[in-house]
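Working notes for the structure below.
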Amino acid sequence: MSFWDYVTSRWDLLLFETYQHASMVFQCVLLATVIGLAVAVATYRTSWLANLATGTASVIFTIPSFAMFGLMIPVFGLGVVPSVVALTLYALLPIIRNCIVGLSGVDPAMVDAARGMGMSRAMVLARVELPLAWPVILTGVRVSTMLTMGVAAIAAYVSGPGLGDEIFSGLARLGGANALNAALAGTLGIILLALLFDAAYILIGRLTTSRGLRV
Amino acid sequence: MTSAQAAVEVATDVAPSPSATGRAWHLLITPAIIVVAGVALVIGVNAADPNVSERRSLEAPFVLKLLGQHLNLTAVSTVIVLAVAIPLGVMLTRKGARLAAPAVLGVANIGQGAPAIGVIVILAVVLPTVAPFWVAILALSVYSVLPALRNTMVGLQQVDPALVEAGRGIGMSAMRTLLRVELPLATPIMLAGIRTTLVLNVGVAALASFIGAGGLGEMISAGVKLQQNIVLITGSVLIALLALSIDWLGALAERYLRPKGV
């Protein structure tokens, strides 16, 4: 069976797995962005706290994905929960790091000016600091999405959702018919998703970057 | 993407880490974590009282054999990656090839999204007659050559062109400028790249057990298959500690191997 026949004969299943993969990555990155932003906002003004946050995230990030998923099994069993927890932990580092770098890179004179105009701390954060740091933060989210996309393939090993299922079924059929087709379908599907997400981030960057920052 | 954004992406992605440039005691944090986690693992395993078959999978000679395979996979693939990525990175940043550089960097960025397990399985299917060890080595090399290449290129690109000009101006040949000016100035970022490659390879080598190439990943697969949580946890923790140790050695190298004055 040619690769094309394989894809057309399983179009519905592949589409479903692709959707699951995209949705899992999107939700994990979204969760990581919320957590990462909260951590960054809480720590960026104190340098040792910021270092602690970045350091902890980078230790987590250094743990190889397979080991991370392995450690989730005794705690959460198999399925969606261990996949989401492991992926979210992974996605944290680039986001926390870029949020802290972005927020602490804002010109202090701008913050002073905003305070001088009578803005409260929260308002300065929402109206001045976050918009100025946004391009850097978005880059972190984008890097994190790319990394999560590939790591998410291993979720299938803990019975999680997504295109990793295709790759592992190719592995299970090693030497048999369709082994290559399944592995190719999974891998190429994930790369395609990564490309689509990357394009989406460029668009989001255009639309959400404050007008004064656009070059 | 604006150039400022690109700079930030690069800076936060491949810049030398704080442990490489910060205070010396920062370097002691990772070993402390490793020792504590290692001791906790030993105590935990003993307290869990493994049964006979679990004990067999946890015997020191067996674990050491897997560790040896894991290190072997990591070391061989890293050497291959560096032997390919550094000369290629140098070539792609020369004047004649500058047009190709953005394309290569773009592919390298997307390549991060490719699943390592997919690369391994595809190569195992395509090369059924090749020994699993070499299939794994090939997969590891293919997977991590792009980030290593990217770091070499970024390292060389951020060298101030005025310094290259100055080198040429005092009568150095292009080769001498490369060896005496560009490469030393690019060393910190390149060392950071080597460290990333090593850590990446330790992680991907954990997947080599899926195609029968051994390594500590075998403990995880066996633990899952036989529902032996102790074996599963020991394997996972050992891989994590191995990655942290190698990352720490990389940080040491970044700190002490950088040319003086950079």
Side-chain angles (χ1 to χ4, degrees), chain A residues 51 54-55 58-59 62-71 73-74 94 97-98 101-102 105 135-136 138-140 142-143 145-154 157-158 163-164 167-168 170-171 174-175 179-180 182-184 186-188 190-191 193-195 197-198 202 205 213-215, chain B residues 1-6 8-9 11-13 17-19 22 26 29-30 33 109-122 124-126 128 199-200 202-207 209-211 216-217 219-221 223-224 229-230 232-233 235-240 242-244 246-247:
Chain A
N51 283 340
T54 317
S58 77
V59 166
T62 308
I63 298 173
S65 46
F66 191 38
M68 181 81 91
F69 279 101
L71 286 172
I73 298 175
R97 193 170 47 182
N98 275 34
V101 167
V136 183
L138 193 65
T139 304
R142 182 169 148 216
V143 170
T145 310
M146 293 300 115
L147 292 166
T148 315
M149 199 58 88
V151 174
I154 301 174
Y157 188 70
V158 294
L163 282 164
I167 298 173
F168 278 97
L171 180 68
L174 209 61
L180 182 60
L184 265 181
T187 308
L188 293 178
I190 291 172
I191 294 176
L193 268 185
L195 283 169
F197 269 80
D198 206 46
I202 292 175
L213 287 179
R214 269 184 238 149
V215 183
Chain B
M1 196 199 307
T2 64
S3 60
Q5 246 170 295
V8 167
E9 176 167 12
T12 55
D13 214 23
S17 64
S19 59
H26 285 169
I29 297 173
T30 308
I33 295 175
N109 275 337
I110 297 298
Q112 284 185 319
I117 180 71
V119 177
I120 292 180
V121 173
I122 289 175
V125 177
V126 176
V199 174
L200 202 59
V202 172
V204 182
L207 301 171
S209 59
F210 282 122
I211 58 166
L216 289 167
M219 294 183 77
I220 301 184
S221 319
V224 171
N229 274 349
I230 306 182
L232 166 64
I233 293 171
S236 305
V237 172
L238 284 179
I239 294 173
L242 184 62
L244 286 170
I246 289 193
D247 188 51

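What you see is a predicted model, and the numbers here were worked out from it, not measured in a lab. Below, chain A is the first sequence line, B the second, and so on; all start at residue 1.
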Tell me, out of B/Leu238, B/Asn229, B/Ile122, B/Leu242, who's got the most heavy-atom pairs with chain A below 4.5 Å.
B/Ile122

Does any heavy atom of chain B fall under 4.5 Å from the side chain of A/Val59, the backbone, both, or neither of them?
both

Any B/Ile117 side-chain heavy atom under 4.5 Å of A/Phe66 side chain
no

For B/Val125, give me all partners under side-chain contact (heavy atoms from CB on, under 4.5 Å), at least two apart in sequence or on another chain.
A/Leu174, A/Ala179, A/Leu180, B/Val121

In terms of heavy-atom proximity below 4.5 Å to chain A, should B/Ser221 be classed as side chain, backbone, both, or neither?
both

Start with the C-alpha gap between A/Ile154 and B/Leu207, add the side-chain angles, then the distance that decides, and say whether side chain to side chain contact (heavy atoms under 4.5 Å, CB included) holds.
CA-CA 9 Å; A/Ile154 301 174; B/Leu207 301 171; 4.0 Å; yes

What part of A/Tyr157 is in contact with chain B, defined as an atom under 4.5 angstrom from a non-hydrogen atom: side chain, backbone, both or neither?
side chain

Of the listed residues (A/Leu195, A/Thr187, A/Leu184, A/Leu188), which shares the most heavy-atom pairs with chain B below a 4.5 Å separation?
A/Thr187

Max heavy-atom pairs within cutoff under 4.5 Å with chain B, candidates A/Ala194, A/Pro74, A/Ser65, goes to A/Pro74

Of A/Ala183, A/Gly170, A/Ala152, the largest count of non-hydrogen pairs under 4.5 angstrom with chain B goes to A/Ala183

Taking all non-hydrogen atoms of both residues into account, name the closest pair between A/Ala67 and B/Ile220 and its distance.
CA-CD1, 3.8 Å

Mind checking what makes side-chain hydrogen bond (donor to acceptor under 3.5 Å, both in side chains) contact with A/Asp198, not counting sequence neighbours?
A/Arg142

With a 4.5 angstrom heavy-atom cut-off, is it the side chain or the backbone of B/Leu216 that approaches chain A, or both, or neither?
neither

Whatever's closer than 4.5 Å to a heavy atom in chain B on A/Phe168 counts as side chain

What are the two closest non-hydrogen atoms of B/Gly203 and A/Pro64, and how far apart are they?
CA-CB, 3.3 Å

Name the member of A/Ile191, A/Leu71, A/Ile63 that forms the most heavy-atom pairs with chain B at distances under 4.5 Å.
A/Leu71

At a 4.5 Å cut-off on heavy atoms, which part of B/Leu232 comes close to chain A: side chain, backbone, both, or neither?
side chain

